[in-house]
Amino acid sequence: MAAAMAASRRFRDLPLWRLTAPTHLGLNLSLRPMSSSAQDEASRAAPSEAPHHNYESLRVTAAQRHILHVQLNRPEKRNAMNKAFWSEMVECFNKIAQDADCRAVVISGAGKMFTAGIDLVDMASDLLQPQGDDVARISWYLRSLIARYQETFSVIEKCPKPVIAAIHGGCIGGGVDLITACDIRYCAQDAFFQVKEVDVGLAADVGTLQRLPRVIGNQSLVNELAFTARKMMADEALSSGLVSRIFPDKEVMLDAAFNLAAEISSKSPVAVQGTKINLLYSRDHSVAEGLNYMTSWNMSMLQTQDIVKSVQAAMEKKELKGVTFSKL
């Protein structure tokens, strides 16, 4: 409320020339919306390979303007997570976090399912033959290894760009770790979810046990899923809050995910990325701590030109899709 009042006062007090002409910084505040034909042409453009994103286990494409599509790309192996995956996801999302052109990300799986989870055959040497010649050194090695694997999904959460998971078919084991680190989850009707780790003799250790209780808010259900490794089908995932929407098939789901990403990317990147950062901070802190952090955050961010542009568009009853926000 205080932020909105401050923004309103700031907008009201601006000289008229700041709303009708370029500023001294060369910032043109002309708010001519993109024509519908131009928008349609942009949305129809075929996805192109994103520069600087060349991976063995992932495919990254520029799906639409400001939107990247990250695909788990081992369809012949049901997108099982091999050694390359665990490092490539970190590299990929560290680059996305610094990509000023990207404002939203969609993650999906190529082929018949989202992911079968960890590739036990490929990972066996790391997990079953750890380095070290005594208990302490083996443990030290495994500690470092697990921490690196945890970062594979934490990097999604840390990325300031909103990340939408689009899930079809199986989302097993490490797949649940991955999607619980995302901001929004859509699924197809054929999707199912399994916290599979107990079936291979271990406790899930890269995020599910920490994030899933916060996502669905039902500790009894989390315990049931984690202790039994049973499948949770799409309808139960929706009713429990794991996903926010279900779609009849993968194609319809992906269209909806990209439409959502386009809607998000039309907003001020200062507002959207600041919102994600503060939501995550507030999740892990008290209300008082979250409010204090928000105060410190917005004492600088309220000075953005994005407020001027957004409020002017609202007053002129123009869509934000026609507003050009600077890169962030």
Side-chain angles (χ1 to χ4, degrees), residues 70 72 80-81 85-90 92-94 96-97 105 107 114-120 123 126-127 139-165 167 170-187 191-232 236-244 275-287 289-290 293:
V70 177
L72 311 187
M81 300 170 176
F85 169 85
W86 297 94
S87 59
E88 288 179 346
M89 281 289 284
V90 176
C92 175
F93 273 89
N94 279 335
I96 290 173
V105 182
I107 296 182
F114 186 73
T115 178
I118 191 170
D119 187 334
L120 289 171
M123 302 293 294
D126 281 348
L127 299 176
S139 299
W140 194 262
Y141 167 80
L142 286 173
R143 180 180 186 274
S144 175
L145 185 70
I146 294 166
R148 292 202 306 271
Y149 289 172
Q150 289 174 346
E151 184 63 15
T152 300
F153 304 126
S154 293
V155 73
I156 299 172
E157 191 171 72
K158 294 174 185 176
C159 177
K161 319 302 171 70
V163 181
I164 303 161
I167 306 128
C171 178
I172 301 168
V176 179
D177 296 296
L178 190 162
I179 66 166
T180 52
C182 296
D183 301 295
I184 298 169
R185 288 164 292 279
Y186 281 0
C187 78
F192 66 88
F193 306 83
Q194 266 186 294
V195 183
K196 187 70 171 173
E197 283 79 357
V198 294
D199 277 354
V200 292
L202 57 91
D205 57 4
V206 290
T208 289
L209 302 186
Q210 291 70 41
R211 294 189 177 99
L212 187 58
R214 296 175 182 272
V215 169
I216 68 177
N218 184 331
Q219 190 65 52
S220 176
L221 179 56
V222 170
N223 293 348
E224 178 188 338
L225 295 170
F227 294 160
T228 66
R230 76 164 175 85
K231 292 181 180 179
M232 171 188 271
E236 186 181 5
L238 178 64
S239 65
S240 70
L242 179 59
V243 301
S244 51
T275 296
K276 174 171 179 175
I277 290 167
N278 278 276
L279 282 170
L280 286 169
Y281 184 92
S282 294
R283 180 196 68 183
D284 299 328
H285 295 79
S286 70
V287 172
E289 289 170 323
Y293 189 78

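Since this is a predicted model, take the numbers as computed values, not measurements.
In this structure, Phe192 and Cys187 have side chains that are not in contact, with every pair of non-hydrogen atoms separated by 4.5 Å or more. The shortest side-chain heavy-atom distance between Met232 and Leu221 falls under the 4.5 Å cut-off. Between Gln219 and Pro213, some side-chain heavy-atom pair lies under the 4.5 Å cut-off. Taking 4.5 Å as the limit, some side-chain heavy atom of Phe193 sits within range of a side-chain heavy atom of Ile179. With a 4.5 Å cut-off on side-chain heavy atoms, Trp86 and Ile118 count as touching. Side-chain atoms of Arg211 and Ser154, non-hydrogen and from C-beta on, do get closer than 4.5 Å to each other.
Residues Val215 and Thr180 share a closest heavy-atom pair of CG2-O, 4.1 Å. Closest approach of Gly175 to Thr115, counting heavy atoms only: CA-CG2, 3.4 Å. When all heavy atoms of Ile216 and Ser240 are compared, the closest pair comes out as CB-O, 3.4 Å. The shortest heavy-atom contact between Tyr186 and Ser244 is CE1-OG, 3.4 Å. When all heavy atoms are compared, the tightest approach of Glu157 to Lys276 is O-CE, 3.4 Å. Of all heavy-atom pairs spanning Glu197 and Ala203, the tightest one is CB-C, 4.2 Å.
Distance check: Phe153 CZ to Met81 CE gives 4.0 Å after rounding to the nearest 0.5 Å. Interatomic distance, Thr228 OG1 to Gln194 CD, rounded to the nearest 0.5 Å: 8.5 Å. The line from NZ of Lys161 to CZ of Phe93 is 10.5 Å long, rounded to the nearest 0.5 Å. In this structure, Thr208 OG1 and Asp177 CG are separated by 3.0 Å, a value rounded to the nearest 0.5 Å. Note that the CD1 atom of Ile107 and the SG atom of Cys182 stand 4.0 Å from one another [nearest 0.5 Å]. Ser87 OG to Glu151 CD: the interatomic distance, rounded to the nearest 0.5 Å, is 12.5 Å.
Between the side chain of Arg185 and the main chain of Leu242, a donor-acceptor pair closer than 3.5 Å is present. Distance alone, capped at 3.5 Å, is enough to place a donor-acceptor pair between the Thr152 side chain and the Tyr149 backbone.
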Run the numbers on Val70 and Ile96 for side chain to side chain contact (heavy atoms under 4.5 Å, CB included), then give the verdict. CA-CA 10 Å; Val70 177; Ile96 290 173; 3.9 Å; yes
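For the residue pair Arg148/Ser144, the side-chain donor-acceptor check at 3.5 Å is satisfied. A donor atom on one side chain and an acceptor atom on the other are found under 3.5 Å apart for Glu289 and Ser286.
Residues forming a ring-ring contact (aromatic ring centres under 6.0 Å, His included) with Tyr281 (at least two apart in sequence, or on another chain): His285, Tyr293.
Among Leu72, Val206, Ile167, the one residue that satisfies the side chain to side chain contact (heavy atoms under 4.5 Å, CB included) test with Leu178 is Leu72. Applying side chain to side chain contact (heavy atoms under 4.5 Å, CB included) to Asp183 and the options Val105, Val163, Ile156 leaves one that passes, Val163.
Of the charged side-chain nitrogens involved, at least one lies within less than 4.0 Å of a carboxylate oxygen, so that Glu236 and Arg230 count as a salt-bridged pair. By the 4.0 Å N-to-carboxylate-O rule, Asp284 lies close enough to Arg214 to be salt-bridged with it.
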